[in-house]
Amino acid sequence: MHRVITTRTKKLDFHTIDHLIEAIKTSKNILVLTGAGISTSLGIPDFRSSEGFYTKLQEQGLDDPQTVFDLEYFKQDPSLFYSIAHLVLPPEGSFTPLHGFIKLLADKGSLLRNYTQNIDNLEANAGIPSEKVIQCHGSFATASCITCKYKIPGETIFEEIRNSELPLCPFCIKRRQKLIKEIEALDDSEQGISRHSFSFLGSTVKRSYAESYGVMKPDITFFGEDLPRVFHDNIIQDVKNCDLLLCIGTSLKVAPVSEIVNKVKPEIPQVLINKDPVTHTEFDISLLGYCDELIVYLCEAMGWKIDHPKVDELL
Ligand code: APR
């Protein structure tokens, strides 16, 4: 079920499962860094493994699959993003045993923070206190108009997302319809001037397609956007206070989240729980396997019970 490897130069006497179990039980400020691998057991693909998003898009001929999450590309052609966005929508109210473990840490008062790179918002479904979760790459919880920034609850556009349709901003639609009516009401001589005002909203010359039509975008961090302020407001203090770092279900390929491992104090134990090894970073312990199974195994060894219906079948 699992392999334990240690790669970090042994500054610490911390290289066995027993060391890990003892650390999880006794640490008071555990920083948990999570990625797409913790949601795959719900059928939400990760990005870079063999069945991941990016692998699928490459197979469909997209040279650089990260384009899907590129802001400039989205502005020109939002349909690519909306052709795959439905794959990230989690089943209503679901979460995994791994999310249940993070909730258990919060209940025990030992979760300093969960920095998640995931946008599926499953942490909220698991009941992890919101002040303990930092969604480094935003989430589907809300969506905003790319033109007028009008913000709505994310589920308002889930229907369109499920049907791979472009969700448009209701205000920009109204504004556009009003402009069209005003132009039609004018005589020919005045039409020239107002065409300019129409082109302000409808033009494909100065404004991108998405901006011209007021396309709604889930409030997730696209490449080309900065991370949410809450990440920068908390990370400096959190890496100082962290007494155990758990990296779970992530390839640690995307900065600045991937740089967290270099920011915690050197004497702090660093653990990877992941299906594949992460070779560009040294961990005191890499526990390799499926994270739900591994976490249930560790909790069983600690006498802890994760509150999740799937736990018994994983024992
Ligand atoms: N159990 C444990 N590990 C798993 C499981 C599982 N059930 N399923 C997948 N994994 C591992 C994979 O082996 C992989 O190393 O999770 C990791 C997921 O890595 P990525 O697909 O690169 O996802 P992530 O690290 O979250 O990507 C970070 O990249 O494009 C951006 O914005 C996107 O937030 C994302 C960021």
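Counting starts at 1 for both ligands and their atoms, following the listed order. All values derive from a computational prediction rather than experimental measurement.
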If the contact criterion is a heavy-atom separation under 4.0 Å, does [X] count as touching ligand 1?
| X | value |
| --- | --- |
| Gly289 | yes |
| Gly52 | no |
| Tyr54 | yes |

Using a 4.0 Å cutoff against the non-hydrogen atoms of [X], which atoms of ligand 1 qualify?
| X | answer |
| --- | --- |
| Tyr290 | 1 (N), 6 (C), 7 (N) |
| Gly35 | 26 (O) |
| Asp276 | 12 (C), 13 (O) |

For [atom], what's the nearest protein heavy atom and its distance?
| atom | answer |
| --- | --- |
| atom 35 (C) of ligand 1 | Phe47 CE1, 3.5 Å |
| atom 19 (O) of ligand 1 | Ser251 N, 3.3 Å |
| atom 1 (N) of ligand 1 | Cys291 N, 2.9 Å |
| atom 18 (C) of ligand 1 | Gly249 O, 3.6 Å |
| atom 28 (C) of ligand 1 | Gln117 OE1, 3.3 Å |
| atom 3 (N) of ligand 1 | Lys275 N, 2.9 Å |
| atom 5 (C) of ligand 1 | Gly37 O, 3.3 Å |
| atom 15 (O) of ligand 1 | Asn274 ND2, 2.9 Å |

Measuring from atom [atom1] of [X] to atom [atom2] of [Y], what distance do you get when rounded to the nearest 0.5 angstrom?
| X | Y | atom1 | atom2 | answer |
| --- | --- | --- | --- | --- |
| Leu315 | Glu300 | CG | CD | 5.0 Å |
| Leu122 | Ile102 | CG | CD1 | 10.0 Å |
| Leu33 | Leu252 | CG | CG | 6.0 Å |
| Ile128 | Arg113 | CD1 | CZ | 13.0 Å |

Where does [X] meet ligand 1, judged by heavy-atom distances below 4.0 Å: at the side chain, the backbone, both, or neither?
| X | value |
| --- | --- |
| Phe223 | side chain |
| Phe69 | neither |
| His137 | side chain |
| Thr40 | side chain |
| Val254 | side chain |

Exercise for the section: State whether the side chain of His308 and the backbone N or O of Phe95 hold a donor-acceptor pair below 3.5 Å, judged by distance alone. Expected result: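 Yes, because the side chain of His308 sits within donor-acceptor range (under 3.5 Å) of the backbone of Phe95.
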Exercise for the section: Consider every N or O of Lys253 and every N or O of ligand 1, then say whether any pair is closer than 3.5 Å. Expected result: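 For ligand 1, there is no N or O atom that lies under 3.5 Å from one belonging to Lys253.
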Handout entry: Option from Phe74, Phe53, Tyr73 for which ring-ring contact (aromatic ring centres under 6.0 Å, His included) with Phe81 holds
Key =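 With Phe81 as partner, Phe74, Phe53, Tyr73 yield a single ring-ring contact (aromatic ring centres under 6.0 Å, His included), made by Phe74.
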Problem - Where at least one partner belongs to residues 226-266, residue pairs that pass ring-ring contact (aromatic ring centres under 6.0 Å, His included), sequence neighbours excluded - result: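 Every ring-ring contact (aromatic ring centres under 6.0 Å, His included) pair that includes a residue of residues 226-266, provided the two are not neighbours, is Tyr115-Phe231.
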Could you check whether [Y] and [X], counting side-chain N and O atoms only, form a donor-acceptor pair closer than 3.5 Å?
| X | Y | value |
| --- | --- | --- |
| Asp219 | Thr142 | yes |
| Glu123 | Asn118 | no |
| Asp276 | Ser251 | no |

Problem - salt bridge (charged side-chain N to carboxylate O under 4.0 Å, His left out) contacts touching residues 96-105 (sequence neighbours left out) - result: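 Qualifying pairs, neighbours excluded: Lys103-Asp107.
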Practice task
Would you please indicate yes or no on a ring centroid separation below 6.0 angstrom for Phe69 and Phe223?
Solution key: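 Phe223 vs Phe69: aromatic centres not under 6.0 Å.
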